[in-house]
Asks: 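What follows is a single structure, and I will ask about it in a moment.
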Number of protein chains: 2
Amino acid sequence: MPRNPEQNEQMKEERRAAILDNALRLFAAKGLAATRIAEIAKAAGMSQGLLYHYYRSKEEVFTALIGNAFTIMNGAAAALEALPISAAEKIRRAVNELFTGLERSEHTGTYHLLIAAASASEGIPAEARAIITRESRVPYEIMARIVKEGQVQGTVRSGDPEQLALLFWTTIKGLAIHRAANRRTFRLPDPDIILRMFLKE
Amino acid sequence: MPRNPEQNEQMKEERRAAILDNALRLFAAKGLAATRIAEIAKAAGMSQGLLYHYYRSKEEVFTALIGNAFTIMNGAAAALEALPISAAEKIRRAVNELFTGLERSEHTGTYHLLIAAASASEGIPAEARAIITRESRVPYEIMARIVKEGQVQGTVRSGDPEQLALLFWTTIKGLAIHRAANRRTFRLPDPDIILRMFLKE
DNA sequence: TTATTCATTGAATAAACATTCAATCAAAAT
DNA sequence: ATTTTGATTGAATGTTTATTCAATGAATAA
């Protein structure tokens with residue numbers, strides 16, 4: 001409809017966003033193979049044909065989402081690491097912010113679920129697999145550095161930093177997945193229980 | 001080939017087992033929708049037609065696996081609870097046995113992954129969903145009782161037993177999924193780190 | 001007005017796949 | 001030997017679904 005260059009560009013962005021938002025929800029809930037292009041298009045309020053005007057295939061939509069997921073997650077992790085606060089405080093804040101994201105049903109929680117499912121799944125697009133291989137270590141590495149820093153500062157428990165970082169993220173993943181499976185009844189546990197694994201008391 | 005009644009029955013059991021074993025691996029790796037009946041049949045060493053002689057549909061195979069998963073997991077949890085040992089010892093043993101299962105790539109680990117993915121996924125067969133709804137609380141309830149028992153015995157940390165049980169299982173789930181996504185590089189962390197969440201030191 | 005440019009649609013196409021089925025085959029019973 | 005029984009096969013069927021495409025519409029430029 002619009003030909004005004006700026007408006008046009010903005011509408012295209014909105015279309016793209018509508019596709020990605022709805023695809024994220026559907027892919028996270030049902031997986032790549034079980035999600036129908038027709039569903040995504042309908043949920044995004046457009047015809048199937050138009051969706052193909054914006055993305056070349058279902059796989060391309062999926063891959064775009066995987067890219068976004070890591071941009072957001074790894075960006076947040078990097079921002080956390082850069083904060084001018086103690087390592088122990090970084091860990092506390094990480095748990096609290098991740099919990100807040102899960103509680104509010106923000107995209108973040110859904111992204112976590114998408115990544116967890118995609119990482120474990122064979123048969124995802126090669127490009128998506130490449131992104132996962134390249135990016136998925138980042139949060140673990142960042143958390144391992146924070147742990148090491150905290151051990152130097154004397155506030156974080158001793159133990160292999162990589163193991164502690166692994167447990168940090170797998171615990172979060174486990175909660176995100178459990179929440180997805182139990183949206184109705186899910187209540188977040190006390191963050192202090194998790195922090196016990198990492199912080200001296 | 002065989003008409004001898006016992007041999008016949010045994011071969012049928014082997015066929016069924018071959019179907020279920022291979023379907024478990026494939027469903028856990030790719031999900032229900034992305035797994036092809038042709039793949040399962042080929043992996044199980046039989047024609048597609050024969051598979052339909054044993055199960056009416058792909059969904060029926062899937063549902064059978066979900067049933068088995070809970071039979072095994074909930075049975076193991078119940079057996080653990082019944083052991084004549086202290087609550088703290090039960091928790092230690094649970095972590096160790098689950099870790100052993102994960103380490104050895106036994107079925108148990110794959111079942112955990114299957115259940116985690118299936119629970120979070122919409123679009124699984126109604127009967128499978130019903131089994132999940134009915135059975136999935138069991139391990140949480142058992143662990144909550146063990147925690148409560150341990151709190152009475154003074155060896156388990158204070159805190160809402162249900163929250164502690166939730167964290168116990170979501171942490172295990174998170175590790176199982178991470179392992180599935182990183183078979184090559186995965187190394188189990190020190191069990192004591194997890195036990196810190198639950199046991200007094 | 002008319003022409004042009006793209007977003008947009010919905011139906012057509014073609015491939016993938018679950019499921020069915022008619023035909024074998026091998027053992028055991030007669 | 002012949003018949004019966006049930007496992008087994010592989011090709012045929014029909015449905016579902018991703019993808020393509022020819023046609024439409026709406027805004028600007030000429």
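Letters A, B, ... mirror the listed sequences (proteins, then strands); counts begin at 1. Worth knowing before you read on, the calculation uses all heavy atoms, side chains too, and leaves out hydrogens, waters and symmetry mates.
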Asks: Expected output is a numbered-order residue list: members of residues 17-24 of chain A with a heavy atom under 4.0 Å from any atom of DNA chain D. What is it?
Replies: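 Within this stretch, nothing sits under 4.0 Å of the strand.
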Asks: Is it true that A:Asn96 and A:Arg93 share a donor-acceptor pair across their side chains at a distance under 3.5 Å?
Replies: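 There is no such pair between these side chains.
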Asks: Expressed in angstrom and rounded to an integer, what is the separation of B:Met46 atom CE from D:dA7 atom P?
Replies: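 It is 12 Å, rounded to the nearest whole Å.
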Asks: For B:Glu162, does the CD atom sit with more than 12 other heavy atoms under 6.0 Å from it, leaving out its own atoms?
Replies: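 No, CD of B:Glu162 has 12 or fewer neighbouring heavy atoms, counting only those of other groups under 6.0 Å.
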Asks: Are the charged groups of A:Lys90 and A:Glu97 less than 4.0 angstrom apart, N to O?
Replies: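 Answer for the salt bridge query: no.
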Asks: How would you label the contact of A:Tyr55 with the nucleic acid (heavy atoms, under 4.0 Å): base, sugar-phosphate, or nothing?
Replies: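 No contact at all - A:Tyr55 keeps every heavy atom at 4.0 Å or more from the nucleic acid.
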Asks: With A:Glu103, which residues qualify under side chain to side chain contact (heavy atoms under 4.5 Å, CB included), at least two apart?
Replies: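 With neighbours one apart ignored, the set is A:Leu188.
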Asks: Quick one, A:Phe186 and A:Leu175 - any side-chain contact, counting heavy atoms below 4.5 Å?
Replies: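 Side-chain contact under 4.5 Å: yes.
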Asks: Calculate the interatomic distance between B:Leu32 atom CG and C:dA18 atom C1'; express it in whole Å.
Replies: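 Nearest whole value for this atom pair: 12 Å.
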Asks: In whole angstrom, what separates B:Tyr54's OH from C:dT20's C1'?
Replies: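 Rounded to the whole Å, the gap is 18 Å.
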Asks: Any idea how A:Phe27 and A:Phe62 line up, ring-wise: parallel (<30°), tilted (30 to 60°), or perpendicular (>60°)?
Replies: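 Taking A:Phe62 first and then A:Phe27, their aromatic rings stand perpendicular (interplane angle over 60°).
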Asks: Check the distance between D:dT5's P and B:Lys12's NZ and give it to me in whole angstrom.
Replies: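 Rounded to the whole Å, the gap is 15 Å.
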Asks: Evaluate the side-chain proximity of B:Phe198 to A:Arg196: yes if any heavy-atom separation is below 4.5 Å, no if none is.
Replies: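 A side-chain contact under 4.5 Å is absent here.
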Asks: Which base sits across from C:dT13 as a Watson-Crick or G-U pair, both distances under 3.5 Å?
Replies: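 Checking every strand shown, C:dT13 finds its partner in D:dA18, with both distances under 3.5 Å.
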Asks: Rounded to the Å, how far apart are B:Glu39 CD and C:dC17 C1'?
Replies: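 Taking atom C1' of C:dC17 as the reference, CD of B:Glu39 is at 11 Å.
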Asks: Is A:Lys42 salt-bridged to A:Glu39, going by a charged N under 4.0 Å from an acidic O?
Replies: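 Not counted as a salt bridge, because no side-chain N and carboxylate O are separated by less than 4.0 Å.
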Asks: In this structure, how many angstroms lie between the C1' atom of C:dT20 and the CG atom of B:Leu51, rounded?
Replies: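 Rounded to whole Å, this separation is 14 Å.
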Asks: Any N/O pairs under 3.5 Å between the protein and nucleotides 17-24 of chain D? List them or say none.
Replies:
from: D:dT17; atom 1: OP1; to: A:Arg36; atom 2: NE; distance (Å): 2.7
from: D:dT17; atom 1: OP1; to: A:Arg36; atom 2: NH2; distance (Å): 3.4
from: D:dA18; atom 1: OP1; to: A:Arg36; atom 2: NH1; distance (Å): 3.3
from: D:dA18; atom 1: OP1; to: A:Lys58; atom 2: NZ; distance (Å): 3.3
from: D:dA18; atom 1: OP2; to: A:Ile37; atom 2: N; distance (Å): 3.3
from: D:dT19; atom 1: OP2; to: A:Tyr52; atom 2: OH; distance (Å): 2.7
from: D:dT19; atom 1: OP2; to: A:Lys58; atom 2: N; distance (Å): 3.2
from: D:dT19; atom 1: O5'; to: A:Tyr52; atom 2: OH; distance (Å): 3.4

Asks: I need the B:Ser136 OG to B:Asn74 CG distance, nearest 0.5 Å.
Replies: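 Those atoms lie 8.5 Å apart.
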Asks: Can you tell me if B:His53 touches the phosphate of D:dA7, counting only side-chain N or O atoms and a distance under 4.0 Å to OP1 or OP2?
Replies: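 Answer is yes, contact under 4.0 Å.
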